[in-house]
Trainee: 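Questions regarding the structure given below will be posed in turn.
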Amino acid sequence: MRVTAHEASLTQRHLWRSAREAIPVTHTLIVEAEQDGVSGYGEASCFMTDHYNSGLERMHADLRRVAPLLATLDVCGPDGDADTVWRRLAAELPDSPFVLAALDSALHDLRARLLGVPLWKSLGLDRPQNLRSSYSIGLDTLEAMAGKLRERPGWCAYKVKLADPGDLGILRELRRRTDAPFLIDGNCGWTPDRLVPALPHLRDLGVRLIEQPYPRAAWDDARRLKEISPIPVIADESITSPDDLHACTGAFHGINVKPMKAGGLTPALAMLRAARERGLVTMLGCMPESAAGVSATAHLGGLVDHLDVDVVDLLAVDTGHGLSLDATGHVTLPDRPGSGYLPDATAHGWSVHHVPAERARRVRRRVPGCAPDAVDAAPVTSGRAPVTSGAAHPPDDHPATRHLAALLQGRDVGAVSLYAEEPPAGHDLPDTRPGRARRLYGMATLDEVRGTGVGSALLRTALTVAALDGAETVWAHVPDAALGFFRKHRFDVLGRPLDLPGAGPHHFVHRSTR
């Protein structure tokens, strides 16, 4: 099995706000698992990064760390059942639920596609019927929130973010425009002195569910609220894994299960089944993510009382095609194997994606002084590389070569290539076995994205791709202007500069993929 990584940057049609934060852009890491020419997909979002260890650098590092284990997995082999594989991955990723979830979802998706069946069937579930999602209205001015409802009339329920449960003006204004139930979400930001007096009014305004009103640590307050609330109260931030289910059963009427937060489809499915056995209200939700992640989540929709997968409707950009929602929130699963997600390389959500050799060459040609046949690293900080001609470098089309492009609104604005190539004589790399080195080549970024982090995104993804391909070290020749950039990214310099014909002095740099 071969695993690889891509990056995406997602924006929504409206700036997303809750009682906790505002999110202008969500960066995500999309994992692709390929076996026998078939690919499955999973996704990990950069969301509450300190709490979930979900910053991009950390998630890339975690993927590189588990690369040796991933290389041994065979989802159709005798040890390829979902529970066994998940336990092996979970033991290596105890503090990285989002990376674990992305891998678990990708492997479930791959297994179902190899079997030629939809994901719900490979999970042993009944076909989901009559799925409808609630529509989320992020925190904003009263006029803006009412405008969001006007844009999406006729949904089965509206999930409303509120900063203060005692401020009923927003709900009264929304109630003038719909008869649908309200589900209100505090995102851990409320206090008992504001919520408890408002409970009768919330009930009269058609609130049918309250989600995570208090901070996760406020278990005593949650238990008291459960005893007195005329409206069911469900946990979100308080339920992160099956280990939390016992405490949540005593403190809440139900739980909101999000596979990314739970560590994947495997534990999410176990949590939903256990919750139903305990008589808890169940909701199935998602993080800020693209169709790559949420399409798999929706296959569990037949197990829950409330479905909250409207994120693909909220997005201004996406990464491909998966589940769809009609004008009133009816969910349609794709009539394709697995999750049904199909990546679209032209979609504007992608920020780093694998591309054919010719696309990488076209980027090199557009960078003044950069061409693909001489030296191999553009000074990323300036967007220029001192290379000479425009002919293709022979390894560009080798089957083992990988080409990555950085994208901005669907346009290629940077590129880098990875060759399976040993370092030159006299540059022995420590702790690197033969055949386990990758050469970084032709790294170039356009002037328009200089200083925006595009070079860093390309480099971290290249390191991860190299590690997932079995590399232990990445090396390159870089000019003076790029040396600071590579040192910043923990590359070491070895030996004296080389004077490359037509290119000037270049330094040999290398870095472990771990």
Side-chain angles (χ1 to χ4, degrees), residues 3-7 27 29 31 44 46 49-50 53-70 92-93 95-96 98-99 351-352 375-383 385 402 404 406 414-424 426-433 436-445 449-498 505-514:
V3 178
T4 192
H6 317 264
E7 286 191 16
H27 300 289
L29 184 63
V31 173
C46 295
T49 55
D50 291 339
N53 294 321
S54 59
L56 274 176
E57 295 287 352
R58 168 64 187 265
M59 293 197 295
H60 274 282
D62 285 335
L63 264 185
R64 295 194 292 266
R65 183 164 50 81
V66 298
L69 170 58
L70 295 173
E92 298 293 327
L93 296 164
D95 302 315
S96 302
F98 289 10
V99 174
S351 52
V352 179
V375 297
D376 58 334
V380 178
T381 53
S382 68
R402 301 280 214 137
L404 304 174
V416 67
S417 301
L418 284 165
Y419 299 154
E421 184 177 333
E422 296 299 301
H427 292 83
D428 295 330
L429 299 176
D431 303 320
T432 303
R433 293 172 288 175
R436 297 301 182 103
R438 293 294 185 275
R439 183 184 184 189
L440 193 72
Y441 177 87
M443 189 162 176
T445 56
V449 295
R450 183 173 53 207
T452 63
V454 165
S456 295
L458 276 171
L459 188 55
R460 67 172 167 253
T461 307
L463 285 167
T464 300
V465 169
L468 292 169
D469 280 352
E472 296 168 346
T473 299
V474 169
W475 66 273
H477 285 126
V478 303
D480 288 337
L483 194 57
F485 173 82
F486 281 89
R487 279 178 164 156
K488 170 186 170 184
H489 288 276
R490 296 168 44 215
F491 277 74
D492 293 323
V493 181
L494 182 63
R496 295 181 177 179
L498 300 173
H506 276 64
H507 305 267
F508 181 90
V509 299
H510 66 96
R511 182 192 149 167
S512 167
T513 59
R514 299 291 184 261

Trainee: Are the side chain of T49 and the backbone of C46 linked by a donor-acceptor contact shorter than 3.5 Å?
Mentor: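 Flag not set: sc T49 to bb C46 has no pair under 3.5 Å.
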Trainee: Does the plane of the ring in F508 sit parallel, tilted or perpendicular to the ring in H510? Use 30° and 60° as the thresholds.
Mentor: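 Because their plane-to-plane angle lies in the 30° to 60° range, the rings of F508 and H510 count as tilted.
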Trainee: Hey, what do you get for CG (L440) to CD (E421), rounding to the nearest 0.5 Å?
Mentor: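 One gets 11.5 Å once the value is rounded to the nearest 0.5 Å.
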Trainee: May I have the step-by-step check of side-chain contact (heavy atoms from CB on, under 4.5 Å) for R58 and D95, ending in yes or no?
Mentor: CA-CA 11 Å; R58 168 64 187 265; D95 302 315; 4.1 Å; yes
Trainee: Start with the C-alpha distance between L459 and V416, add both sets of side-chain angles, then the distance that settles side-chain contact (heavy atoms from CB on, under 4.5 Å), and finish with yes or no.
Mentor: CA-CA 8 Å; L459 188 55; V416 67; over 6 Å; no
Trainee: Take T464 and H60 through the test side chain to side chain donor-acceptor pair (under 3.5 Å) and record every step on the way to the result.
Mentor: CA-CA 6 Å; T464 300; H60 274 282; 2.6 Å; yes
Trainee: Taking atom NE2 of H477 and atom CG of L498, what is their separation to the nearest 0.5 Å?
Mentor: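 So the gap between those two atoms works out to 4.5 Å.
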Trainee: Are the side chains of H427 and W475 in touch, meaning some heavy atoms are under 4.5 Å apart?
Mentor: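 No, side chains not in contact.
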Trainee: Going by side chain to side chain contact (heavy atoms under 4.5 Å, CB included), name the residues that satisfy it together with R436, two or more places apart in sequence or in a different chain.
Mentor: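 Per chain and number, R436 pairs via side chain to side chain contact (heavy atoms under 4.5 Å, CB included) with T432, R433, E472.
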Trainee: Between S351 (side chain only) and E7 (backbone N and O only), is there a donor and an acceptor less than 3.5 Å apart?
Mentor: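 Answer holds: yes.
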Trainee: Mind listing the closest non-hydrogen atom pair of A471 and R438 along with its distance?
Mentor: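 In this case the closest contact between A471 and R438 is CB-CG, 3.4 Å.
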Trainee: Nearest 0.5 Å, what's the CG-CG distance between L93 and N53?
Mentor: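 Nearest 0.5 Å value for the CG-CG distance: 10.5 Å.
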Trainee: Mind checking the OG1-CG spacing from T461 to L418? Nearest 0.5 Å is all I need.
Mentor: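 These two atoms lie 10.5 Å from each other.
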Trainee: Can I get a per-line list of side-chain donor-acceptor pairs under 3.5 Å for residues 481-492, giving both atom names and the distance, sequence neighbours left out?
Mentor:
residue	atom	partner	partner atom	Å
H489	NE2	S456	OG	3.0

Trainee: I'd like to check the salt bridge (charged side-chain N to carboxylate O under 4.0 Å, His left out) partners of E92; sequence neighbours left out, ordered by chain and number.
Mentor: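 For E92, no residue satisfies salt bridge (charged side-chain N to carboxylate O under 4.0 Å, His left out) once neighbours in sequence are set aside.
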